[in-house]
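Report on the structure given below.
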Amino acid sequence: MGIGDGLSKTFLSWPVVRQLTGPDPLGRGPAARSRHTEELTARTETADRVARSVCPYCAVGCGQRVYVKDEQVVQIEGDPDSPVSRGRLCPKGSASKNLVTSSLRETKVRYRRPYGTEWEDLELDVAMEMIADRVVKARNDSWQDLDDDKTVRRTLGIASLGGATLDNEENYLIKKLFTAMGAIQIENQARI
Ligand code: SF4
């Protein structure tokens with residue numbers, strides 16, 4: 001290609017020339033689009049597969065598409081097929097990939113003793129035993145068979161308040177467990 005051909009190609013690529021000579025005289029479409037824009041690809045394009053999910057943060061329950069590459073979550077976008085959100089996510093839902101991938105996530109059990117001023121790591125087994133002991137003690141200490149001669153067989157000493165990142169299946173199991181223990185105060189911040 002000679003210098004003249006190169007100049008001609010550069011000249012013809014100018015937006016104003018494309019606008020005046022091409023099919024986009026108002027410059028609202030292809031004439032205004034740069035080569036850089038033409039070469040952009042969607043950030044989800046490299047994913048191996050897409051899983052459907054529901055945003056766990058609040059009671060709206062927006063649909064999500066979770067893009068996975070090499071079994072790692074690489075992107076989460078709104079699901080256009082969701083009748084609830086029709087492809088939209090609020091800033092929290094848009095940032096929910098961090099729930100899985102953030103380096104700030106706590107991955108160990110952290111414990112601060114009564115009157116302690118520092119957090120310490122606990123083995124999961126130890127923490128589970130401590131929780132179980134306390135639940136059993138609270139239940140025993142607060143168990144009620146009767147209230148004003150009415151049979152209640154309940155405890156007001158244990159309650160459950162779930163967080164928004166619990167999914168439906170986890171909430172189902174929590175409800176079963178706490179009801180079986182006699183608790184009646186069972187709530188979730190984000191009932192979907
Ligand atoms: S947090 Fe935002 S994206 Fe998630 S369910 Fe609620 S409104 Fe939808």
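Counting starts at 1 for both ligands and their atoms, in listed order. Residues: numbered from 1 along the sequence shown. For clarity, every value in this text was computed on a predicted model and none was experimentally measured.
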Check your understanding: Which residues satisfy the salt bridge (charged side-chain N to carboxylate O under 4.0 Å, His left out) test with Asp125, sequence neighbours excluded?
Key ->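 For Asp125 there are no salt bridge (charged side-chain N to carboxylate O under 4.0 Å, His left out) partners, ignoring immediate neighbours.
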
Practice item. Name all residues meeting the salt bridge (charged side-chain N to carboxylate O under 4.0 Å, His left out) criterion together with Arg28; count only those two or more places apart in sequence or in a different chain, and write none if there are none. Key: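 Once residues adjacent in sequence are excluded, Arg28 has no partner under the salt bridge (charged side-chain N to carboxylate O under 4.0 Å, His left out) criterion.
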
Point to revise | Distance, nearest 0.5 Å, that separates OH of Tyr111 from CD of Glu118 | key: 14.5 Å

Review point. Among all residues two or more places apart in sequence or in another chain, which pass the side-chain hydrogen bond (donor to acceptor under 3.5 Å, both in side chains) test with Asp133?
Key: none

Check your understanding: Can you get from Trp143 to Val135 by hopping between Ile, Leu, Val, Met, Phe, Trp and Tyr side chains that sit under 4.5 Å apart?
Key ->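 Cluster IDs for Trp143 and Val135 differ.
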
Exercise for review: Examine Arg18 relative to Trp14 and say whether NZ or CZ is less than 6.0 Å from the centre of the six-membered ring and inside a 45° cone about the ring axis.
Suggested key: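 No, cation not above the ring by the 6.0 Å, 45° rule.
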
Check your understanding: Taking only protein atoms, how many N, O or S atoms are found under 2.8 Å from atom 4 (Fe) of ligand 1?
Key ->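 N, O or S atoms of the protein closer than 2.8 Å: 1.
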
